[in-house]
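Starting from 1, each residue takes its place in the sequence as its number. Keep in mind that this is a model prediction, so the values were computed, not measured.
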Amino acid sequence: MVAAGFGGFFAYGHLVRPEAPMATASPSAHEAPAAAAAGATGSASAAATSDEGGHSPRAIPESLPDIAFADRRGVTRHLSDWKGRPLVVNFWAPWCAPCREETPLLERLSREREGFQVIGVAVDSRSAVLAYARRAAIQYPLLIGERPGLEAVRALGMEAVFPFSVFVDARGRIVTLKIGELHPDEAALILDRVDDLDRDRVDLATARREIAEGIGRLAVGRATGHPWR
């Protein structure tokens, strides 16, 4: 478990995942090569990921792709509509248990983290997403679409392993990815570093390194039952 925690989070732009098949979407998070989602303790800040069958790797882009989806009212929205704001873009599906577990945290972050925008990208049928959003009282923006959602996943160099969250700074740069359920201590660590980045307290490389090291410590603490303090 400790090894999985460390292995799941590694330097963006410097390493490439091994060429191995990536698990496809299913009702629970699965382990992806070199980016463990098992147990929802893994995180990823990777340079590339292999396609199905383990062929040529696809790079994770430096900036968030501007992909269009329909929102819950059926209005087409672009991710660029939130340009200039730091974002947490959460890819999820209503049938995914870890996705449901992290919904209250995302809702709380959307209210309490001033300046940060949480956006949910739901990869499922519109009826299923809207029904769950009503039950869970989700207030942050939701973008919905099975095919557009999967296209967005691919554009990010990922496979459909849910949930995963993309953290983006105010300049639109992808700072890190978190594969698996997002925990409060992980969210606080990452968002604090993104805030430091936007305030020019750290550079991008430093922010990524500090996130990777911090997530590793948190993973060890969660695996051993001794939370890092």
Side-chain angles (χ1 to χ4, degrees), residues 21-30 32 35 37 44-46 48-53 55-100 102-103 106-107 109-110 116-169 171-182:
M22 176 73 78
T24 56
S26 71
S28 61
H30 289 281
S45 184
T49 183
S50 302
D51 63 9
E52 293 180 7
H55 298 112
S56 58
R58 299 187 313 280
I60 292 174
E62 282 289 322
S63 300
L64 187 68
D66 186 23
I67 301 169
F69 303 82
D71 66 11
R72 65 181 90 196
R73 295 181 299 170
V75 177
T76 298
R77 301 294 303 273
H78 294 258
L79 292 178
S80 60
D81 292 347
W82 291 275
K83 184 178 180 180
R85 299 185 64 178
L87 306 176
V88 181
V89 184
N90 176 253
F91 286 76
W92 67 287
W95 43 256
C96 163
C99 302
R100 297 193 299 269
E102 69 181 3
T103 297
L106 294 169
E107 186 63 44
L109 292 175
S110 73
F116 283 91
Q117 177 67 61
V118 176
I119 302 171
V121 177
V123 186
D124 202 351
S125 69
R126 184 173 185 80
S127 59
V129 172
L130 293 178
Y132 177 76
R134 286 192 294 270
R135 293 196 303 272
I138 297 176
Q139 299 298 313
Y140 52 83
L142 290 180
L143 306 180
I144 307 167
E146 291 178 283
R147 178 170 292 181
L150 291 173
E151 289 173 352
V153 169
R154 300 286 288 183
L156 285 163
M158 297 291 293
E159 295 291 342
V161 180
F162 301 129
F164 73 88
S165 297
V166 185
F167 292 82
V168 181
D169 70 3
R171 298 176 178 88
R173 298 175 298 183
I174 295 176
V175 179
T176 195
L177 304 181
K178 169 63 172 66
I179 297 177
E181 181 184 343
L182 182 66

Donor-acceptor contact present, side-chain Glu107 to main-chain Gln139, <3.5 Å:
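Present.
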Practice item. Answer yes or no: is there a donor N or O on one side and an acceptor on the other, between the side chain of Arg100 and the main chain of Pro94, under 3.5 Å? Key: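 Answer holds: yes.
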Would you say the side chain of [Y] lies within less than 4.5 Å of the side chain of [X], judging by non-hydrogen atoms?
| X | Y | value |
| --- | --- | --- |
| Leu182 | Phe167 | yes |
| Pro141 | Gln117 | yes |
| Arg147 | Leu150 | no |
| Val123 | Phe162 | yes |
| Asp124 | Trp95 | yes |
| Ser165 | Val89 | no |
| Pro86 | Asp169 | no |
| Val121 | Ile144 | no |

To check you understand the geometry: which heavy-atom pair defines the closest contact between [X] and [Y], and what is its length?
| X | Y | value |
| --- | --- | --- |
| Ile67 | Pro148 | CG2-O, 4.5 Å |
| Lys178 | Gly180 | NZ-O, 3.4 Å |
| Leu79 | Pro65 | CD1-O, 3.3 Å |
| Arg72 | Ala133 | NH1-CB, 4.1 Å |
| Ala68 | Thr76 | CB-CG2, 3.9 Å |
| Ala136 | Thr103 | CB-CG2, 4.2 Å |

Quick one: [atom1] on [X] to [atom2] on [Y], what's the gap to the nearest 0.5 Å?
| X | Y | atom1 | atom2 | answer |
| --- | --- | --- | --- | --- |
| Asn90 | Leu143 | CG | CG | 11.5 Å |
| Ile179 | Met158 | CD1 | CE | 3.5 Å |
| Cys96 | Glu181 | SG | CD | 9.0 Å |
| Leu142 | Tyr140 | CG | OH | 6.0 Å |
| Cys99 | Tyr132 | SG | OH | 8.5 Å |

Run through Leu87, Leu64, Val168 and flag the one making a side-chain contact (heavy atoms from CB on, under 4.5 Å) with Trp82.
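The option that passes is Leu87.
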Over 60° means perpendicular and under 30° means parallel, so classify the ring planes of Phe91 and Phe164, tilted if in between.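 Aromatic pair Phe164/Phe91 classed parallel.
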* Taking 4.0 angstrom as the limit, do Arg154 and Glu159 come out as a salt bridge? -> yes
Item checked: side-chain contact (heavy atoms from CB on, under 4.5 Å) assessment of Val166 paired with Leu156 -> CA-CA 9 Å; Val166 185; Leu156 285 163; 3.9 Å; yes
